[in-house]
Amino acid sequence: MIIAWFSCGCTSAVACKIAINEYDDVKIFYIDTGGEHEDSRRFLSECQEWFGREIIIIKNKNYLDHFDCLSKKG
């Protein structure tokens with residue numbers, strides 16, 4: 001299995017597409033920081049269609065966003 005990281009940017013989108021074209025079993029992950037631009041979800045959805053597969057979204061349930069994490073952890 002190949003694990004690919006999708007950041008909602010064009011560079012990671014192309015890297016994920018190359019991985020999908022090169023390998024059979026690619027799982028794509030996106031880490032939701034809570035601080036992304038609102039248009040990122042649209043781009044993520046479009047990339048799922050382009051990839052022909054789901055992007056698995058993971059998020060830490062203890063923090064709303066990176067600022068919340070910094071304020072709690074210092």
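Start at 1 with the first residue, then count along the sequence. Just the heavy atoms: all of them, side chains too, but no hydrogens, waters or symmetry mates, feed the values below.
Residue-environment remark: CG (D25) exceeds the threshold of 12 foreign heavy atoms within 6.0 Å.
For D68, the side chain to side chain donor-acceptor pair (under 3.5 Å) partners at least two apart in sequence or on another chain are K72. Residues satisfying the side chain to side chain donor-acceptor pair (under 3.5 Å) test with S7, not counting sequence neighbours, are S12.
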Check: residues 13-22 side-chain donor-acceptor pairs under 3.5 Å, at least two apart:
residue, atom, partner, partner atom, Å
K17, NZ, W50, O, 3.0
N21, ND2, K17, O, 3.4

Which pairs of donor and acceptor atoms, one on a side chain in residues 55-64, lie under 3.5 Å apart (sequence neighbours left out)?
residue, atom, partner, partner atom, Å
K59, NZ, L64, O, 2.9
N60, OD1, N62, N, 2.7
N60, OD1, N62, ND2, 3.3

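A continuous path of hydrophobic side-chain contacts links F29 to M1 [ILVMFWY only; heavy atoms under 4.5 Å]. Each of L44 and W5 belongs to its own hydrophobic cluster when Ile, Leu, Val, Met, Phe, Trp and Tyr are linked at side-chain heavy-atom distances under 4.5 angstrom. F67 and I31 sit in two unconnected hydrophobic clusters of ILVMFWY residues. Membership requires side-chain heavy atoms under 4.5 Å apart, directly or through other members.
Judged as a side chain to side chain donor-acceptor pair (under 3.5 Å), the pairs with a partner in residues 33-44 (not counting sequence neighbours) are, in order, D32-R41, D39-R42, R42-E46.
The hydrophobic cluster containing L70, built from Ile/Leu/Val/Met/Phe/Trp/Tyr side-chain heavy atoms closer than 4.5 Å, comprises no other residue.
Distance check, rounded to the nearest 0.5 Å: OH of Y30 to CZ of F43 gives 11.5 Å.
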